[in-house]
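Any value given below was found using the heavy atoms of this structure, including those in side chains, with hydrogens, waters and symmetry copies removed. Chain identifiers are assigned alphabetically (A, B, ...) following the order of the sequence lines, protein sequences preceding nucleic acid strands; residue numbering begins at 1 within each chain.
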Amino acid sequence: QKEVEQNSGPLSVPEGAIASLNCTYSDRGSQSFFWYRQYSGKSPELIMFIYSNGDKEDGRFTAQLNKASQYVSLLIRDSQPSDSATYLCAVFNAGGTSYGKLTFGQGTILTVHP
Amino acid sequence: EAQVTQNPRYLITVTGKKLTVTCSQNMNHEYMSWYRQDPGLGLRQIYYSMNVEVTDKGDVPEGYKVSRKEKRNFPLILESPSPNQTSLYFCASSSPAPHTEAFFGQGTRLTVV
């Protein structure tokens, strides 16, 4: 099982719809969870991070964390064509010899079509 | 301005010719790491460093070396590059605390022919 796994893409949604991106992780000791957006050929940029169970909202973005299910998601409301990118889930390793390591999922490609 | 600077941005080289990709950060971060990114595989960690003179292997370290002689610099060395090391490389730095983000360099697109 991969340490961090994202829902397979690509994901295509119409403009104005809600895009839902999912991520599961295997290490129960993980403390923090990050969503990065990456445009083609560019470096990843942080959208949000979350560390408490529940929802965290920032503008059109909502991150959801369920530690019992080892699941984190990102919802993008009112999706825009400019949201078309690869979304990377990352998990902060808080235990053992790998403390401080960020482990990334394989990414989900999102396309928002007009 | 907080930044991570990688050089070069683009590099085409031949098999076996040693090369170094530099990475420098100005945020006094303890933690630095190198990733490679290939289509469908996300970001895979090559090496990371918790602090000066402390480095360790990531998930795909074969064929790479690193050093951390100063806190701000973390170069990636390919002693004998091969075509399967053709990839997009990113350097990142962060504080080793759970709720802090990682800052990425601009990326280096390496082609080994």
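Here the closest heavy-atom approach between residue A/S43 and residue B/G105 is recorded as CB-O, 3.0 Å. Residue A/F34 comes nearest to B/E101 through the heavy atom pair CE2-CA, 4.1 Å, listed as atom of the first residue, atom of the second, then distance.
In terms of modelled atom types and a separation under 3.5 Å, the side chain of A/Y36 and the main chain of B/A102 share a donor-acceptor contact.
Note: A/P44 leads A/G105, A/A90, A/P44 in heavy-atom pairs under 4.5 Å with chain B.
Two different hydrophobic clusters hold A/L75 and A/Y87 under the rule that ILVMFWY side chains link at heavy-atom gaps under 4.5 Å. B/Y47 is not connected to B/L43 by any chain of hydrophobic side-chain contacts under 4.5 Å among Ile, Leu, Val, Met, Phe, Trp and Tyr, and they are in different clusters. Under the 4.5 Å side-chain heavy-atom criterion for Ile, Leu, Val, Met, Phe, Trp and Tyr, A/V13 and A/I47 are members of the same hydrophobic cluster. Clustering ILVMFWY residues whenever any of their side-chain heavy atoms sit less than 4.5 angstrom apart, transitively, puts B/V4 in a cluster other than the one holding A/L46. Linking ILVMFWY residues whenever their side-chain heavy atoms come closer than 4.5 Å, directly or via other members, leaves B/Y64 and B/Y35 in distinct clusters.
With a threshold of 4.5 angstrom between heavy atoms, B/R44 does not approach chain A through any atom at all. Only the side chain of A/Q38 comes within contact range of chain B, judged by heavy atoms closer than 4.5 Å. For B/E30, no part sits under 4.5 Å from any heavy atom of chain A, backbone or side chain.
With a 4.5 Å cut-off on side-chain heavy atoms, A/F104 and B/L41 do not count as touching. Under the 4.5 Å side-chain criterion, counting only non-hydrogen atoms from C-beta, A/E45 is not in contact with B/F103.
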Please walk me through it: do B/Q106 and A/K42 pass side-chain contact (heavy atoms from CB on, under 4.5 Å)?
-> CA-CA 7 Å; B/Q106 316 95 305; A/K42 303 295 186 183; over 6 Å; no

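Within 6.0 Å of CD1 in A/I18 there are 12 or fewer heavy atoms belonging to other residues, nucleotides or ligands.
The CD atom of A/Q106 sits 13.5 Å away from atom CG of B/D38, with the distance rounded to the nearest 0.5 Å.
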